[in-house]
Amino acid sequence: MKLFSSKNFKPYSKHMMRIAIPIAISGVIMQIQSLIDTAFLARYTTTLADGSILTGSEILSAVGNVFFPYLVTISFIWSIGTGVVVLVSQRLGANDPQNARKYANAGLKYNTILSCLVYFFWLFLGKKVLILLGVHEPILSVSLEYLRYMSLELFYVGMATSVYAIFQGVGNTKPEMYVGIFRSLLHIVLDYVFIFGHFGAPELGVAGAGIASSVSGLVATTIMMVIFLTIKDFPFKTSFKSLITTPIKPYLKVLKVGLPVGLEDMLWNVGNLVLAYFLNLISAEAVGIYRLVYQIECTPCYFYTGLARAVTTIVGQKTGERKLDAAKESGLIGTFYTLSFCVLFAMSFLVFPKQILSIFTPDLALIQKAAPFLMITAFTMMPRAMNIISGNGIRGYGDTIWMLATQIFGIVFIISLSYALMFPLGLGMYGLFIGMFSDETVRCVINTIRFYRGETSIFHKAFVPEKVMLDEA
């Protein structure tokens, strides 16, 4: 009750919602697009050169085997953008727009170069990565076909993550919402045209899904860059020339904050790769089931991810203003709204699991097998949501080392526990989902306590002795 009676509850809630709602809408629309993409592929069958037929569930397995390793590199690039969010928000909170502009420009230029380099990693080593993960023919060939076109987005992903991060750091997320909605609608149309070969287009199957993703993302990134370079109501101005000539020094400080987040997300996704390998030891179908449940689970995530990103921005701004109590209070408000969303979604997962799954696949056997795992996921949502909110608040302080340290612990914990439950104890896929619930719960407790203790930790003092907000650009 003390939270609701606070004089800051209404103004902080309004500020948070102005940032969070556009992000949430954009994310939900993008997730709906991703689910429609999954539904299209689940209904698609293809005949291979040897005459064998791949069903929708096998195609989902092929795409799933690409999705998790590819997500490692994509999320790494996106996570480095957190450095841009934190530094831009803290500089603006400290009334220093000139240095905010330097960090913004540096992120745009050098993250773009970084993502282009990552493309060549997948171009030359993609097949070896998939083979190491236990992917075999005929699934391997289909997975590589999807990867070939999907990976083209790496030529602009660094630019995309930085421009979105700049707008988030400023607290203006409406452009992200409008452009995100347009991108998702374009993606759905291109999916429909290229997967199935409608309107005279060739029937490309999984390759069509990869093309739709890359083309829609390129168009959206181009629009966001035009808005950024021409927008009038903005705390600082930039130009194409200043982007080209910006030095690397500010980017080193972006990396100082963002690199631990990138490594944290990479470790989380590496953990997912190991878990996917465990699932491949059970069956190829197990990977498809996991991806289907994962995709559905991500839908409520976008509601509270918007709130979490708003918490990062507001905590960053309040840290820049040196108002630590206000930063903590904004995190508490974000947690309240997040848990409210989670209760609603958890109830729907528990009461209507088969009905929800049937929206995305007509395979009754697949629905029957996946339903129990969606129900277990309902219990995982709340500790995961609280963990995300607290983690983003800690990042808003500028202390990204702590979250990296707890993620390292989490990876060891979930891999060890899941393996023991899945194989020696014979629980199979149930062991994986029980392990995920346990991991999220433990880290939720650790990170929530850490956030409300304050802005510094032993890890931050050891590795980042100077406050981020006091660094000279």
Side-chain angles (χ1 to χ4, degrees), residues 28 31-48 51-68 134-140 142-143 146 188 191-192 195-198 203 205-206 208-209 212 272 275-276 278-301 344-381 418 421-422 426-437:
V28 169
Q31 179 62 9
I32 291 172
Q33 162 249 295
S34 180
L35 292 171
I36 291 173
D37 187 52
T38 299
F40 283 163
L41 291 171
R43 287 164 170 78
Y44 184 78
T45 59
T46 186
T47 303
L48 302 178
S52 60
I53 297 176
L54 282 187
T55 64
S57 61
E58 289 172 319
I59 288 173
L60 283 181
S61 295
V63 173
N65 277 304
V66 172
F67 178 77
F68 292 110
V135 184
H136 305 290
E137 295 292 359
I139 299 294
L140 179 60
V142 180
S143 296
Y146 180 67
I188 291 169
D191 263 344
Y192 181 73
I195 290 176
F196 301 105
H198 291 296
E203 182 182 324
V206 294
N272 263 329
L275 298 179
F278 291 167
L279 291 171
N280 271 314
L281 294 178
I282 297 174
S283 69
E285 183 185 48
V287 179
I289 292 172
Y290 179 58
R291 184 180 186 275
L292 179 61
V293 173
Y294 180 88
Q295 289 290 94
I296 295 172
E297 177 195 4
C298 283
T299 302
C301 281
L344 296 175
F345 279 102
M347 289 176 62
S348 67
F349 285 4
L350 288 170
V351 178
F352 307 109
K354 294 181 181 179
Q355 292 86 339
I356 292 172
L357 287 161
S358 66
I359 297 172
F360 308 106
T361 176
D363 190 332
L364 295 178
L366 185 63
I367 291 171
Q368 191 70 27
K369 293 175 182 177
F373 303 115
L374 188 60
M375 295 175 71
I376 296 173
T377 296
F379 293 100
T380 307
M381 284 174 54
S418 296
L421 294 172
M422 290 174 74
L427 295 180
M429 287 190 69
Y430 286 97
L432 171 62
F433 281 85
I434 293 171
M436 292 171 67
F437 170 78

Quick one: which residue pairs count as a salt bridge (charged side-chain N to carboxylate O under 4.0 Å, His left out) with a foot in residues 365-381, not counting sequence neighbours?
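Only E285-K369 qualify under salt bridge (charged side-chain N to carboxylate O under 4.0 Å, His left out).
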Non-neighbouring partners of Q355 that pass side chain to side chain donor-acceptor pair (under 3.5 Å), sequence neighbours left out:
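Applying side chain to side chain donor-acceptor pair (under 3.5 Å) to Q355 gives none.
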Going by side chain to side chain donor-acceptor pair (under 3.5 Å), name the residues that satisfy it together with Y290, two or more places apart in sequence or in a different chain.
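Only N272 meet the side chain to side chain donor-acceptor pair (under 3.5 Å) criterion with Y290.
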List the atom of M381, the atom of F345, and the distance in Å for their closest heavy-atom pair.
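Heavy-atom minimum between the residues: CE-CB, 3.4 Å.
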Any chance you could measure [X], atom [atom1], to [Y], atom [atom2], to the nearest 0.5 Å?
X	Y	atom1	atom2	value
M429	F373	CE	CZ	4.5 Å
F349	M375	CZ	CE	12.0 Å
I367	I289	CD1	CD1	11.5 Å
L427	S418	CG	OG	10.5 Å
F278	L421	CZ	CG	11.0 Å
L350	T377	CG	OG1	10.0 Å

Under a 4.5 Å cut-off applied to non-hydrogen side-chain atoms, are F433 and P372 in contact?
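Not touching, per the 4.5 Å side-chain cut-off.
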Between M422 and L281, is any pair of side-chain heavy atoms under 4.5 Å apart?
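No; the side chains remain at least 4.5 Å from each other.
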Under 6.0 Å from the OH atom of Y294, do we count more than 12 heavy atoms belonging to anything else shown?
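Enclosed: over 12 neighbouring heavy atoms sit under 6.0 Å from OH of Y294.
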Flag if over 12 foreign heavy atoms under 6.0 Å of CD, E203:
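Atom CD in E203 is crowded, with more than 12 foreign heavy atoms closer than 6.0 Å.
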Results of side-chain contact (heavy atoms from CB on, under 4.5 Å) for [X] - residues two or more places apart only:
X	result
F437	F379, T380, P383, T441
I36	I32, F40, I188
A209	D37, L41, Y146, D191, I195

